[in-house]
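Below is one structure, written out as structure tokens; comments come after it.
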Amino acid sequence: MKNDTGTIGITWLGQGGFAFETDNTKLVIDPFLSDIVERVQGLKRLIDPPVLIEELQPDFIFITHNHLDHFDPIAMPQIHNAYPKVPILGPQSVVEKARELNLRESVLSQVEVSQTIEAGDFWITVTPAYHSDRYGVGCLLKVEDLTIYLTSDTILNDDLIRAINELSPDGIQIFITCINGKLGNMTWQDAARFAQILKPDFAIPMHYGMFAENTENPEYFIHECHKAGIKSPELVPGMTTYF
């Protein structure tokens, strides 16, 4: 929600999950709240889920791709049952998985790269992502005079740089990026280089600190951003920061 210091509240849910909130709209992206990765892959969570499902209170849900730590096949049906009328948006792989999980067809919306969707106070523009889910996407969120770019899971390449510049001609104020450098994601060095190219006001690292086998020290990224004159706060899972 708005407060005296900012237009939007951003809450990190851990890994690639976030809640973005204005006075009127709460958009939840990639809520990973279960132990499904440990059950399937043997990787134990390092942090407990920072919010309860009954605390999520989403108006819209956007899932970027069909990987266990983004489309949580335990938590998402529970979230859907708690909020059965809330729209669920995602690319083809997400919609196919949602149908497999028997989520209601009436709330599912398949999105495509470059498409822009109105979601309450937010305008969501779907961005490409270059990851092992070939349908995976990121997103640009426009709210009032702020543009936020959430990379989701992706490597950095020239095609991504070109696409983001074309889709955000007026620039980006808040850049939220994966930094873990494993399993098809940017290294912190690539993420810092991307930040230097985009020149946002804020660059926020994510996708670390969840699994010992797949993490990174965010201080490296933060230091490089500060050297480039870019503010780089480290968010705390479950705590809301206003921008």
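Model, not experiment: these values are computed from the prediction.
The aromatic rings of Trp12 and Tyr208 sit tilted relative to each other, their planes meeting at an angle between 30° and 60°.
Tyr149 places none of its side-chain heavy atoms less than 4.5 Å from the side chain of Ile174. Side-chain contact between Gln196 and Glu224 is present, with at least one heavy-atom pair separated by less than 4.5 Å. Using a 4.5 Å heavy-atom threshold, the side chains of Asp201 and Ile172 count as separate. Side-chain contact between Pro84 and Val107: absent, with no pair of heavy atoms (C-beta onward) separated by less than 4.5 Å. Taking the side chain as every heavy atom from C-beta outward, Ile117 and Val111 approach each other to under 4.5 Å.
The two residues Arg45 and Pro50 have their closest heavy-atom pair at NH2-CD, 4.4 Å. In plain terms, the two heavy atoms of His131 and Gly184 that are nearest each other are ND1-O, 3.1 Å.
With no hydrogens or angles considered, a side-chain donor-acceptor pair links Thr240 and Thr11 at under 3.5 Å. Donor-acceptor pairing under 3.5 Å is lacking for the side chains of Ser93 and Asn66. No side-chain donor from either of Gln57 and Glu55 sits under 3.5 Å from a side-chain acceptor of the other. Checked by atom type, the side-chain pair Gln15/Asp69 shows a donor-acceptor distance below 3.5 Å. There is a side-chain donor-acceptor pair under 3.5 Å between Asp72 and Ser34.
Taking the six-membered ring wherever Trp is involved, the centroid distance between the rings of Phe32 and Phe71 does not fall below 6.0 Å. When ring centroids are compared, His207 and His70 come within the 6.0 Å threshold. Taking the six-membered ring wherever Trp is involved, the centroid distance between the rings of Trp123 and Phe60 does not fall below 6.0 Å. For Phe202 and Phe243, the ring centers are positioned less than 6.0 Å apart.
Using a cutoff of 4.0 Å between basic side-chain nitrogens and carboxylate oxygens, Arg99 and Glu105 are scored as salt-bridged.
When Leu89, Val28, Ile29, Asp30 are each tested for a side-chain contact (heavy atoms from CB on, under 4.5 Å) with Ile63, only one passes: Asp30.
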